[in-house]
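Reading through the structure tokens given below for one structure.
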Amino acid sequence: MALPFLPGYSPNSRLGKERFHKSQHFNYNNGVPLLVGSEKPGIGGEPLVGQKIKPKHSVYPKGQGSSMPSWVAFDKKTLCFEAYFQENVTDAQNETYRIRKCKIYFYLEDDTIQVVEPEFKNCGIPQGTLICRHRIPLPPPNNNQFYNVYHFNLNQQMVLYSRTFTLTNCDPFTRNFLTRLGVILNDPAPVPEDPYSSLREQLDKNMNPLRPYERCDTLKQFLDNDRKVLRFYCLWDDTESVFGDPRELVLYYFLADDTIEIHEMFYPNSGRDASPKFLRRGKLPKHCHLNLNDTHVNSKFNAESLNSTFNNSVHEEFYKDHDLVIGGEVNVWGRRVIITDCDDFTKDYYRSNYGIEDFTPVQYKAPPDPIPQKPPRLVPPYNGFGSEEDSLSSCQGLLLRPPRKDFNKFMEKDSCGMESNVLNFRAKMVTSDAVDRERVFIISFYLCNDSISVLEPPQRNSGVLGGKFLERGRVKKPGQELFKKELSEYFTAQDLYVGAILCISGKNFQLVAADEYTFNYMEKHAEEFPKANMGSILSKLRSVPEEKQSEIRKFVALSDPTSTGFIAYESFRNLLMDLDCGLSEHEVLVLCRRFSERTQPDVDAGLMLAVAQDFLRKKHFEEIPDMARAFTHRDRHNAGRLPTKETRTVCKAFQLPLPENLLGGLLSKFSDGDEIDYHAFLAGINWIENPAPPVMPSDVLKFCVNVGFDANGATVKNVNYTALLQDVFSFPSNNADPTTATST
């Protein structure tokens, strides 16, 4: 009996359901609406009428094995099968089909398959990965399903994208896995023969040599003896042949592969063409079984006789290193070559490996005549044109070249920063003229090229116009002949010291003083300047006899009645000069500077500012406002002061045209400790807003020449004789608290 179609009497199909969603069947792809979900279920995930849902999981039962997902449980586990497929060849005459071997990999983690064909050299067809890794569907009509592990077995065929593969074998892991899974594996199937591969093997076999040599591994010998060559000097007596003569050869034995190479020695005007090699590199047999000279032109050798002949040469004896000795003979393809000598490396090799000590060479020719001594090259005397060095270089070759200068010395001794590398001395002219005796000269020696310049500062009411007395250049020593073959001697830095007399341009100059930089440089490089070597000065003083040492003690006691430990410089200088111990004026100065009490004389700040403004005015320097901004930028605390180093850096950045000694003196005047009051410094040198009175040329010259002698610089006032005598003669000190000596 059917129920009436009334509310409450009809069954509700939605009872017990919780999902009522509808699957999306359409989507946009590149702006085109497409049906993308033909296999998707209906409302709530229920299949439609006649629809089969594909399984989303592997074929393995869900309740078996580990609870881990398949991509974890079967990670890096792959089944490997050997397979082949037959490919038809339609455009070849020698073959109609080809058997191509490959490997099929089945990845257990996601049921993907990959087909790879091993690559063979010169195969002529694309090989490698034939099918990329992915899930492969079954052939129609089951193309809605994919291959799984149960579809694989040996000696069966698989269709992968219309290509039939035959599985022939598998690896041990695959066999064990399928056996545990319950799959009964078939027996491995043989791979049919490929006609093309057989043809290639036959061709390769036909290419094998008919006369094979024994192959031995010589890699160790090559690695141990690579680039090690024994050299022998040989003689081949070819006087028996027509127009023959003895031939000198050089035999090279290569230890890396026991090969020999022979070169012939060709002398000038020998009348022979210089061939590159007498014997090319290769193994040299001791005996030659095949005499090619007896073979007639029309005779023929079949392959079997030639093969048998060369098969006997496999056991041929070749020359080794122990067969080569001095005095021995080498058969070079019928030529009798005698070893006469060898080089030093070969002697060391035989001495260390074979214990041979006798390497007496074989005398095969008369001793050569003594080589006449090469006559010395006569150089013509200097003719007066140009410099002596330039004239000498023109006699040393056909191509005229300028004389080479000492560039290394120039780079090392050239002026750089605070180091001027210029030795400045004050000198006076040695003459009987009263006017010339009062003239003062400044002699500058440039260490970079040993050149000398002489400058005469102008003196008021002297009657002599000052200025440049001698242009910068090298100065010859007096007493040398002008037109001679040898080069002239020039003044060097060791010839200039306080007390020395130099003859320059026919005038004698006596050096009476030096600036502070010159003293410091000579004392710093005492090994180059013997007059400034404190060790030699003290050794001269220690050579003074005992009676004079007692006189020195009495003299200093009388000169210092209050026992202060100091004595005037002039008195101590006169004492040392009267000792006749060989001390020069410069050595006395160096000694007194070592044990001295020196003071730095004060220079007028107004004069320095006036000279600085004169320099800036002549150079038209108008960047003082820019310098003020640069100082303010560096002064982060707005204190109006900067360190001396930063102040000097700013001055160098703006290229302030002031001499180094003048700039250093100005910075010391405006310094408070290690800081500079840059406002006062800029105001002092500002020649536009704060002009200073004009200065005399002599005042400018004091700072222009960049020298400071005893009259204008640091002076030696008193000498600490207590420390000097204790250091030289080991006299006991009678003073309570003598001031320690200061050295520069």
Side-chain angles (χ1 to χ4, degrees), residues 409-424 442 444 446-449 453 455 472 515-521 524 600 602-692 695 699-708 712-714 744:
K409 181 179 180 180
F410 174 78
M411 295 299 297
E412 182 181 357
K413 299 296 184 180
D414 193 21
S415 59
C416 179
M418 300 293 294
E419 292 291 334
S420 63
N421 289 320
V422 179
L423 306 183
N424 298 291
I442 297 176
S444 300
Y446 299 86
L447 297 172
C448 61
N449 56 358
S453 66
L455 179 68
R472 177 179 173 180
D515 63 351
E516 186 69 17
Y517 176 81
T518 302
F519 278 114
N520 293 337
Y521 184 88
K524 184 179 180 180
Q600 187 74 20
D602 196 8
V603 183
D604 185 12
L607 178 61
M608 296 175 65
L609 290 175
V611 173
Q613 289 189 9
D614 185 70
F615 275 106
L616 299 180
R617 185 184 300 107
K618 292 179 180 179
K619 296 293 183 179
H620 299 285
F621 186 79
E622 299 178 355
E623 299 181 7
I624 295 179
D626 297 336
M627 292 181 62
R629 285 190 291 270
F631 281 124
T632 306
H633 176 71
R634 289 177 174 266
D635 188 8
R636 301 183 182 275
H637 302 287
N638 295 328
R641 298 177 181 276
L642 282 177
T644 306
K645 185 177 180 180
E646 292 190 14
T647 306
R648 189 180 292 273
T649 301
V650 174
C651 294
K652 288 184 177 181
F654 283 90
Q655 298 181 358
L656 191 65
L658 293 180
E660 187 63 32
N661 62 336
L662 179 58
L663 179 60
L666 287 175
L667 294 180
S668 63
K669 293 297 181 182
F670 293 97
S671 64
D672 185 7
D674 192 28
E675 294 184 346
I676 305 294
D677 185 2
Y678 59 86
H679 291 297
F681 172 70
L682 294 177
I685 64 174
N686 195 338
W687 59 276
I688 299 176
E689 298 180 358
N690 305 316
V695 294
D699 297 331
V700 178
L701 192 60
K702 295 178 182 178
F703 302 97
C704 182
V705 296
N706 194 18
V707 294
N712 299 323
T744 58

### Query
Are any non-hydrogen side-chain atoms of Phe631 and Thr647 less than 4.5 angstrom apart?
yes
### Message
Does Lys409, at its NZ atom, have more than 12 non-hydrogen atoms belonging to other residues, nucleotides or ligands within less than 6.0 Å?
### Response
yes
### Leu658 side chain reached by Met608 side chain, heavy atoms, under 4.5 Å
no
### Task
State, with a plain yes or no, whether a side-chain heavy atom of Asn686 is found less than 4.5 Å away from one of Leu682.
no
### Message
Side chains of Phe621 and Leu656, heavy atoms from C-beta outward: is any pair under 4.5 Å?
### Response
yes
### Message
Please check this pair: side chain of Asp635 against backbone of Gly640, looking for a donor-acceptor N/O pair closer than 3.5 Å.
### Response
yes
### Message
Could you check whether any side-chain heavy atom of Tyr517 comes within less than 4.5 Å of a side-chain heavy atom of Asn421, counting everything from C-beta outward?
### Response
yes
### Main-chain N/O of Arg641 paired to Glu675 side chain as donor or acceptor, under 3.5 Å
no
### Summary
Between Arg472 and Cys448, the two heavy atoms sitting closest are NH2-SG, 3.4 Å
### Trp687 versus Ile624, closest heavy-atom pair with distance
N-CD1, 4.4 Å
### Query
Between Ser420 and Ser415, which heavy-atom pair has the shortest distance, and what is it?
O-CB, 3.5 Å
### Validation row: Tyr678, Val650 side chains within 4.5 angstrom (heavy atoms)
no
### Query
Mind checking what makes side chain to side chain contact (heavy atoms under 4.5 Å, CB included) contact with Lys618, not counting sequence neighbours?
Asp614
### Task
Check the angle between the aromatic planes of Phe670 and Phe681 and answer parallel, tilted or perpendicular using the 30° and 60° thresholds.
perpendicular
### Task
State whether the side chain of Asn424 and the backbone N or O of Asp515 hold a donor-acceptor pair below 3.5 Å, judged by distance alone.
no
### Query
What is the minimum heavy-atom distance between Phe615 and Pro657, and which atoms define it?
CB-O, 3.7 Å
### Task
Measure the shortest side-chain to side-chain distance between Ile685 and Leu609 over non-hydrogen atoms and say whether it is less than 4.5 angstrom.
yes
### Message
Using a 3.5 Å distance criterion without hydrogens, assess whether the side chain of Glu622 forms a donor-acceptor pair with backbone atoms of Ile688.
### Response
no
### Task
Compare all side-chain heavy atoms of Leu642 with those of Ile676 and state whether any distance is below 4.5 angstrom.
no
